Amino acid sequence: MTTNGSGQLSFVDNTGGTDWQAVQSSATFTAVAGKGYFINTTSNAIEMDLPAGTLGDEISFVDYAGTFDTNALTIDQNGTEKIMGSTSPLTVSVERAANTLVYTDSTQGWLLKNK
């Protein structure tokens, strides 16, 4: 909320942000930009496939049950896209890991926003 020079109030639209999804426990799923995922690897390892990226796209994930150290999350890039400059998938095997990937460009691809 701000005021202009005449003291009139104006409001900012703060409806943006991460759209969190229900707990994900299937073996493979395709992530969607702008969404966040609680990932439950209690029963099995999970592969999250990334979409083709556009500058500024973000995807967040959280280790729902603290089991990435037992059953890892594998993040697979989309075709020729990259993750941190590499064409190899990213394996997340740290218990209680939580992070956001942001898409930059075709050279670096998806980068970890929070380390």
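Since this is a predicted model, take the numbers as computed values, not measurements.
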Find the distance between [atom1] ([X]) and [atom2] ([Y]) and round it off to the nearest 0.5 Å.
| X | Y | atom1 | atom2 | result |
| --- | --- | --- | --- | --- |
| Leu101 | Leu111 | CG | CG | 8.5 Å |
| Ser60 | Ile39 | OG | CD1 | 10.0 Å |
| Glu47 | Thr91 | CD | OG1 | 9.5 Å |
| Thr42 | Asn71 | OG1 | CG | 8.0 Å |
| Asn44 | Ser26 | CG | OG | 8.0 Å |
| Ile83 | Gln77 | CD1 | CD | 5.0 Å |

Sequence neighbours excluded - salt bridge (Lys or Arg N to Asp or Glu O under 4.0 Å) pairs with any residue from residues 76-105: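 Checked against salt bridge (Lys or Arg N to Asp or Glu O under 4.0 Å) - neighbours excluded - no pair reaches residues 76-105.
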
So, for [X] and [Y], which heavy atoms are closest and what is the spacing to 0.1 Å?
| X | Y | result |
| --- | --- | --- |
| Ala97 | Val92 | CB-CG1, 3.6 Å |
| Asn40 | Ala65 | OD1-CB, 3.7 Å |
| Pro51 | Asn78 | C-ND2, 3.5 Å |
| Thr30 | Tyr37 | O-OH, 4.3 Å |

Beyond-backbone contact of Phe29 with Met48, side-chain heavy atoms, under 4.5 angstrom: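 Side chain of Phe29 against side chain of Met48, heavy atoms only: contact under 4.5 Å found.
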
Side-chain heavy atoms of Ile75 within contact of Trp110, under 4.5 Å: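 Counting from C-beta outward, Ile75 and Trp110 never come under 4.5 Å.
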
N/O donor-acceptor pair under 3.5 Å between [X] side chain and [Y] backbone:
| X | Y | answer |
| --- | --- | --- |
| Asp63 | Phe68 | yes |
| Thr41 | Ile46 | no |
| Thr18 | Lys35 | no |

Connected-component partners of Phe38 among ILVMFWY, side-chain separation under 4.5 Å: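 ILVMFWY cluster around Phe38 also holds Trp20, Val23, Val62, Tyr64.
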
Leu112 with Val94, same ILVMFWY side-chain cluster at under 4.5 Å: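 Leu112 and Val94: separate clusters.
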
Transitive ILVMFWY side-chain link Tyr103 to Met84, under 4.5 Å: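 They do share one cluster, since a chain of ILVMFWY contacts under 4.5 Å joins Tyr103 to Met84.
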
